[in-house]
2 protein chains.
Amino acid sequence: MADDRLSRVFSALADPTRRDIVARLATADATVNELAEPYDVTVQAVSKHIRVLEDAGLVSRSRDAQRRPCHLEGEVFDLMTKWIERYRREAEDRFRRLDAVLEKMEEQPVKGASAKRAAS
Amino acid sequence: MADDRLSRVFSALADPTRRDIVARLATADATVNELAEPYDVTVQAVSKHIRVLEDAGLVSRSRDAQRRPCHLEGEVFDLMTKWIERYRREAEDRFRRLDAVLEKMEEQPVKGASAKRAAS
DNA sequence: CGGTTGTTAAACCGATCGGTTGAATAAGTG
DNA sequence: CACTTATTCAACCGATCGGTTTAACAACCG
């Protein structure tokens, strides 16, 4: 797994358990044990999941006696959104341009070329 | 890897090569060979990457003789954005609420309790 | 102090991943 | 037809993943 930020974030969120943890942390901070309770895996496994989320910058932790409360870090979402929006917009623009071309082609219906391969 | 849609999408984008392919497809459709050219891996490896993107619904393909042009599908981005925005908003709201609480605490500076643990 | 609770570290395991090589398939071109 | 081009399939390989068990560590509680 590439160690760049975006890769870590996407990779972290590729697991449904980790996404669920994020979802629950969105409503309230929680300790490892609290987070582990609903899943039928060991608390160690959940601890690992949280580590992954932490490494991705999605979660931060404080200390409260033996407990290590987890807190969702919202900033990282910006990174994803920025990436996504960029390419979504490009794709949509391209789609619109294609639409325009098709419309134009309908107006003056296919002069010469077969439109199979426009340019090199 | 869980086979649900969101998992496949995030998982697909967790790889930098695949993200780069998406980025390039945002500007123009391209064949497997064209896509493979800049990377120093075999074309088979790139073919696999494209398969992953296709399975995630990020890429669709048509046919042009032996070629299989790849086309970026923008819709899937909505799925991600929706998921992200939802939890980002919750996290931000919570942050704002916390801010409000802290402000209030500054107004009437710590009456009785130690504010260590508010409620069960 | 000893015991309990919360969390992590270490070692291991089967499955999947990203990559390879080699061969097969598909479809134009001489 | 044989030949080149574009793509995929199949088998394999080392690394990583998600999970386990066992043990350690940290900090409170009596």
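A, B, ... follow the sequence lines: proteins, then strands. Residue 1 opens every chain. Excluded from the calculations below are hydrogen atoms, water molecules and symmetry mates; all remaining heavy atoms, backbone and side chain alike, are included. The structure displayed is predicted, hence computed values, not measured ones.
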Using whole Å, what does the distance between atom [atom2] of nucleotide [N] and atom [atom1] of [X] come to?
X	N	atom1	atom2	result
D55(A)	dT8(C)	CG	P	12 Å
E34(B)	dT5(D)	CD	P	15 Å
L35(B)	dT8(D)	CG	C1'	15 Å
R8(B)	dC17(C)	CZ	C1'	16 Å
F10(A)	dC17(D)	CZ	P	17 Å
D20(A)	dG18(D)	CG	P	15 Å
L53(A)	dT7(C)	CG	P	15 Å
L13(A)	dC17(D)	CG	P	15 Å

[Y] backbone acceptor or donor facing [X] side chain under 3.5 Å:
X	Y	result
D15(A)	R18(A)	yes
T81(B)	F77(B)	yes
R63(B)	A65(B)	yes

Does any part of the side chain of I21(B), heavy atoms only, come nearer than 4.5 Å to the side chain of H49(B), both counted from C-beta?
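They are in contact (side-chain heavy atoms under 4.5 Å apart), so the answer is yes.
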
Is there a side-chain contact between F10(A) and M80(B) (heavy atoms, below 4.5 Å)?
yes

Close approaches to DNA chain D from residues 37-50 of chain B, in residue order (heavy atom, under 4.0 Å):
Q44(B), S47(B), K48(B)

Tell me whether the OP1 or OP2 atom of [N] has a side-chain N or O from [X] closer than 4.0 Å.
X	N	result
R68(B)	dT8(D)	yes
R61(A)	dT8(C)	yes
N33(B)	dT5(D)	no

Less than 3.5 Å apart, any donor N or O on the side chain of R19(B) or S7(A) sitting next to an acceptor on the other?
yes

Please collect all salt bridge (Lys or Arg N to Asp or Glu O under 4.0 Å) contacts where either partner lies in residues 36-52 of chain A, sequence neighbours excluded, each pair once.
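Passing the test, one end in residues 36-52 of chain A: R51(A)-D55(A).
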
Which protein N or O atoms sit under 3.5 Å from an N or O of nucleotides 25-30 of chain C?
none

With a 4.0 Å cut-off, would you call R89(A) and E92(A) a salt bridge?
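So R89(A) does not pair with E92(A) through a salt bridge.
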
Which heavy atom in L58(A) sits nearest to a heavy atom in A12(A), and how many Å separate them?
CD1-CB, 4.2 Å

